There are 2 protein chains.
Amino acid sequence: MVQDSDAFAADLLRGHTDTIVLGVLRRGESYGFEIYKTIRDATGGAHEIKEATLYAAYRRLEKDGLVESFWGDETQGGRRKYYRITDAGRAVYQRNVAAWTATRDIIDSLLDPRGSGRAPERH
Amino acid sequence: MVQDSDAFAADLLRGHTDTIVLGVLRRGESYGFEIYKTIRDATGGAHEIKEATLYAAYRRLEKDGLVESFWGDETQGGRRKYYRITDAGRAVYQRNVAAWTATRDIIDSLLDPRGSGRAPERH
DNA sequence: GTCGAGTACTGTATCTGATCAAGTACTCGA
DNA sequence: TCGAGTACTTGATCAGATACAGTACTCGAC
């Protein structure tokens, strides 16, 4: 959809979800819902990455060996599945950040967003 | 796919295609293949937005009234379909650039790409 | 004079990540 | 005990991107 952009259009983050999750886990292990809240808070409460999207990403990342999971030993109460980034995950993360940086600069140059507080083409 | 990122992973630009096309047309009317070449050149030859993707975007944008098209009067040779951004298109473009800027900063803050040549968190 | 590369546009089928919608299950404070 | 919040899961569906294929014209090379 082209039109709406209340705060964010639907899937502007698409394709970056895995990298974002790796970016959160790079700082330390965490569990599913906490990662979700971290991202939600980072987006200023506009939490446009939905739970289902993230849980799908966790599975994808684990299948690819980029994160590993284990159940926390919450003796009482709600179970939590923790995730930890692997070495392979860190390597992919580095590459994906580079890809993001390049992509970001390309879009910036094509959109030329004046007044965005950032000067394009300065180096 | 998480893994590969030779130059760009598959659809990192996803969701931004329409905005990018509007960004090109904002500078002046153009025809389909020329827009394609403009974007391809901007990406340093790594043309990750495919022709079919763009032609699909043109149709979408026209359907939504954000661009209008007309056939060029190439008296000799290949027909060219020209596109011109409409007022509605400019309005949407402005909003989408704002959405892009916000999205970009969120991803930047989550990825914290040090050494990207850009200092996060400065305001 | 035709052959291939490049230009230029189109259509259809398929893939994949994101989302919707719903459900399960536990905790804790009112 | 009831509702809100925490925490995870699954299945169906959507839409944009891509693969693949095709049509048609131009122009330089051979």
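Because the structure is predicted, anything quoted here is derived from the model rather than measured. Both backbone and side-chain heavy atoms feed into the values below; hydrogens, waters and symmetry mates do not. Order of the sequence lines sets the chain letters (A, B, ...), proteins ahead of strands, with each chain counted from 1.
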| field | Rounded distance in Å - CZ (A:Arg14) to P (D:dG16) | value | 9 Å
| Closer to the 5' end of DNA chain C via nearest nucleotide, is it B:Tyr31 or B:Arg59? | B:Tyr31
| query | Is the distance from OP1 or OP2 of C:dG17 to the nearest side-chain N or O of A:Thr17 less than 4.0 Å? | reply | no
| said: Whole angstroms only, please: what is the CG-C1' distance between B:Leu54 and D:dT18? | reply: 12 Å
| Between B:Glu68 and B:Thr86, do the side chains contain an N or O donor and an N or O acceptor separated by less than 3.5 Å? | no
| task | Compare all side-chain heavy atoms of B:Tyr93 with those of A:Leu111 and state whether any distance is below 4.5 angstrom. | result | yes
| Out of curiosity, A:Thr19 OG1 to A:Leu66 CG, how far, rounded to the nearest 0.5 Å? | 9.5 Å
| request: Take the protein atom OH of A:Tyr58 and the nucleotide atom C1' of D:dC8, then report the distance between them rounded to whole Å. | output: 10 Å
| How many Å lie between CG on B:Asn96 and C1' on D:dG16, as a whole number? | 15 Å
| message | Without decimals, in angstroms, what is the distance between A:Lys81 NZ and C:dC26 P? | response | 17 Å
| said: Name the residue from A:Tyr31, A:Trp71, A:Phe33 that meets the ring pair (Phe, Tyr, Trp, His ring centres under 6.0 Å) definition with A:Tyr82. | reply: A:Tyr31
| message | Does D:dA7 have its OP1 or OP2 closer than 4.0 Å to a side-chain nitrogen or oxygen of A:Arg80? | response | yes
| How would you label the contact of B:Glu34 with the nucleic acid (heavy atoms, under 4.0 Å): base, sugar-phosphate, or nothing? | nothing
| Is the shortest side-chain N/O distance from B:Lys37 to OP1 or OP2 of C:dG6 below 4.0 Å? | no
| task | Kindly indicate whether the side chain of A:Arg84, heavy atoms from C-beta on, has any atom under 4.5 Å from the side chain of A:Val67. | result | no
| said: Between P on C:dA22 and NZ on A:Lys50, what's the gap in Å once rounded to a whole number? | reply: 16 Å
| field | Side chains of A:Leu61 and A:Tyr83 in contact at under 4.5 Å (non-hydrogen atoms) | value | no
| query | Hey, what bend do you get for the helix from C:dG1-D:dC30 to C:dA30-D:dT1 if you fit axes on five pairs at each end, rounded to 10°? | reply | 10°
| request: Taking all heavy atoms of B:Tyr36 and all of B:Ile49, pick out the closest pair and write down the distance. | output: CE1-O, 3.6 Å
| query | Can you find an N or O donor on one side and an acceptor on the other, under 3.5 Å apart, linking the side chain of A:Arg60 with the base of C:dT16? | reply | no
| note | Between OH of A:Tyr55 and P of D:dG11 the distance, given in whole Å, is 17 Å
| Whole-Å distance separating the CZ atom of A:Phe33 from the C1' atom of C:dC26 | 13 Å
